[in-house]
Amino acid sequence: MEFNVKTLEGKDAGKVSLSDAIFGLEPREDILARVIRWQLAKKQQGTHQAKGRADVWRTGAKMYKQKGTGRARHHSARAPQFRGGGKAHGPVARSHEHDLPKKVRALGLRLALSAKLKSDDVIIIDNLVAAEAKTKALASTFATLGLTNALFIGGAELDGNFKLAAKNIPNIDVLPIQGINVYDIVRRGKLVLSKAAVEALEERFKCPIFATMM
C-alpha cells in the first residue's frame with residue numbers, strides 16, 4: 001500500500017510503499033497481550049524478599065513450658081504468628097521471565113504496527129533530524145503536527161540533536177529501530193516512523209515465512 005511521507009515541518013515529501021505482511025494484518029488482542037505480558041515480566045527486577053522464620057533474629061528458646069499453663073503449645077518466637085516473627089510464604093527473590101517463541105514475538109510486532117495503521121495513528125517522516133538540540137523548538141514542531149503523545153522510531157543511528165531535544169518533552173519517546181517493541185508502540189498514542197525505520201522493518205521481515213505466518 002502507498003502511504004504519504006511528511007517532513008517535520010508538515011510538508012509533503014512523497015510516498016512510501018508499506019508491506020501488507022507488516023502493516024496490513026488483522027489485529028489480534030490475544031497475541032498482543034501475550035507479548036506485552038512477556039515484556040513486562042522480563043523487565044521485573046524480582047528483588048522482592050521477605051524474611052522467613054530462619055532469617056529473623058530472635059531467641060530460639062522455648063517460650064514457656066509445654067504443659068501445665070493451659071495455653072497452646074509453642075516453641076520458638078520466630079514463628080509467623082508472633083509479632084517480630086518471620087513472614088509465612090512471603091515473596092522471595094526470583095526471575096519473573098518466561099519463554100515466548102520468537103515467531104510469536106515477531107507476529108506481535110507486526111500486529112502492533114498493523115493496529116496503529118488501521119486506527120490512523122501512524123505518521124511517516126522523511127528524516128528525524130533537528131538543526132539544534134533545542135527542546136522548545138522541537139516541541140513547537142510537534143505541536144504543529146499535533147503530536148502530544150507519540151513514539152518516534154528512527155534508523156539504526158539517531159540524530160543526536162533530535163534525541164537530546166526530545167528527551168525532556170513529556171509523553172514523547174525516541175528509539176532506534178533496534179529498540180522497537182510492542183509495549184512502547186501500544187502505550188503511546190501515535191507512532192512516528194522515519195523512512196529509514198520503514199526500510200529496516202521491510203528488511204527485517206522480508207523472509208517468506210513471515211509473510212504467511214498468522
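Values below: every heavy atom of this structure, side chains too, minus hydrogens, waters and symmetry copies.
Summarising the geometry of N171 relative to T148, their closest heavy-atom pair is CB-O, 3.4 Å, with the distance given to 0.1 Å. The shortest heavy-atom contact between K67 and K65 is O-CE, 3.1 Å. Of all heavy-atom pairs spanning A196 and G155, the tightest one is CB-CA, 3.9 Å. The minimum heavy-atom distance linking L138 with A165 is given by the pair CD2-CB, 3.6 Å. Taking both residues in full, the closest heavy atoms of A13 and T7 are given as CB-CG2, 3.9 Å, listed atom of the first, atom of the second, then distance.
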Q. How far apart are the C-alpha atoms of E9 and T144, what are their side-chain angles, what is the distance that settles it, and do they pass the side-chain contact (heavy atoms from CB on, under 4.5 Å) test?
A. CA-CA 8 Å; E9 291 73 30; T144 303; over 6 Å; no
(Q) Checking E2 against S17 for the side-chain contact (heavy atoms from CB on, under 4.5 Å) test, could you report, in this order, the C-alpha distance in whole Å, the side-chain angles of both residues, the deciding distance, and whether it holds? (A) CA-CA 5 Å; E2 294 292 318; S17 179; 3.9 Å; yes
Q. Yes or no on side-chain contact (heavy atoms from CB on, under 4.5 Å) for Q81 and H74, after CA distance, side-chain angles and deciding distance?
A. CA-CA 10 Å; Q81 63 265 39; H74 290 300; 3.6 Å; yes
Q) Checking side-chain contact (heavy atoms from CB on, under 4.5 Å) for the pair I125/S194: CA distance, chi angles, key distance, verdict? A) CA-CA 5 Å; I125 302 294; S194 68; 5.5 Å; no
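Atom NZ of K134 sits in a sparse spot, with 12 or fewer heavy atoms from other residues, nucleotides or ligands closer than 6.0 Å. At most 12 heavy atoms of other shown residues, nucleotides or ligands fall within 6.0 angstrom of atom CZ in R73. Few gaps surround NE2 on H98; more than 12 heavy atoms of other groups in view lie less than 6.0 Å from it. Within a 6.0 Å sphere centred on CD of Q45, heavy atoms belonging to other residues, nucleotides or ligands number 12 at most. More than 12 heavy atoms of other residues, nucleotides or ligands shown are found within 6.0 angstrom of CZ on R187. Applying the 6.0 Å contact sphere to CD of E29 captures no more than 12 heavy atoms from other residues, nucleotides or ligands. Crowding of D99 atom CG: a count of heavy atoms from other residues, nucleotides or ligands under 6.0 Å not exceeding 12. Open room surrounds CZ on R34; 12 or fewer heavy atoms of other groups in view lie less than 6.0 Å from it.
Put simply, OG on S114 and CG on L107 are 9.0 Å apart, with the number rounded to the nearest 0.5 Å. Taking OG1 of T69 as the start and CE of M63 as the end, the distance is 10.5 Å to the nearest 0.5 Å. Expressed to the nearest 0.5 Å, how far CG of N149 lies from CZ of R188 amounts to 5.0 Å. To the nearest 0.5 Å, atom CG of residue L117 and atom CZ of residue F3 are 5.5 Å apart. Note: L113 CG to I180 CD1 = 5.0 Å, rounded to the nearest 0.5 Å. Here the straight-line distance linking atom CD1 of I177 with atom CZ of R204 works out to 7.0 Å at 0.5 Å rounding.
Criterion: ILVMFWY side-chain heavy atoms under 4.5 Å apart, direct or through other members. Under it, V122 and L32 are part of a common hydrophobic cluster. Cluster membership check: V35 shares its hydrophobic cluster with L201, using side-chain heavy-atom separations under 4.5 Å among Ile, Leu, Val, Met, Phe, Trp and Tyr. The cluster map of Ile, Leu, Val, Met, Phe, Trp and Tyr, joined by side-chain heavy atoms under 4.5 Å apart, puts L164 and L175 in different clusters. Put simply, I185 and L158 are part of two different groups of oily side chains (I, L, V, M, F, W, Y) that touch within less than 4.5 Å, one to the next. Under a hydrophobic clustering in which Ile, Leu, Val, Met, Phe, Trp and Tyr are joined whenever their side-chain heavy atoms come within less than 4.5 Å, directly or via other members, I124 and V192 fall into different clusters.
Using a 4.5 Å heavy-atom cutoff, the side chains of R58 and F82 are in contact. Side-chain contact between K43 and Y183: present, with at least one pair of heavy atoms (C-beta onward) separated by less than 4.5 Å. Taking 4.5 Å as the limit, every side-chain heavy atom of I22 sits out of range of all side-chain heavy atoms of L109. Looking only at side-chain heavy atoms (C-beta outward), I36 and V186 come within less than 4.5 Å of each other. In this structure, L128 and D159 have side chains that are not in contact, with every pair of non-hydrogen atoms separated by 4.5 Å or more. A heavy-atom distance below 4.5 Å is not found between the side chains of D121 and L191. Annotation: side chain of K15 is not in contact with side chain of V5 (no heavy-atom distance under 4.5 Å).
A side-chain donor-acceptor contact under 3.5 Å links R105 to the backbone of L100. Without hydrogens or angle criteria, R78 side chain to W57 main chain gives no donor-acceptor distance under 3.5 Å. At least one donor-acceptor pair closer than 3.5 Å links the side chain of Q49 to the backbone N or O of A93. Judged by distance alone, with hydrogens and angles left aside, the side-chain atoms of K87 form no donor-acceptor pair with the main-chain N or O of R53 at under 3.5 Å. Counting only distance, with no hydrogens or angles, the side chain of E202 and the backbone of S19 share a donor-acceptor pair below 3.5 Å. Not one N or O on the side chain of Q39 forms a donor-acceptor pair closer than 3.5 Å with the backbone of N181.
Aromatic ring centres of F162 and F152: separated by under 6.0 Å.
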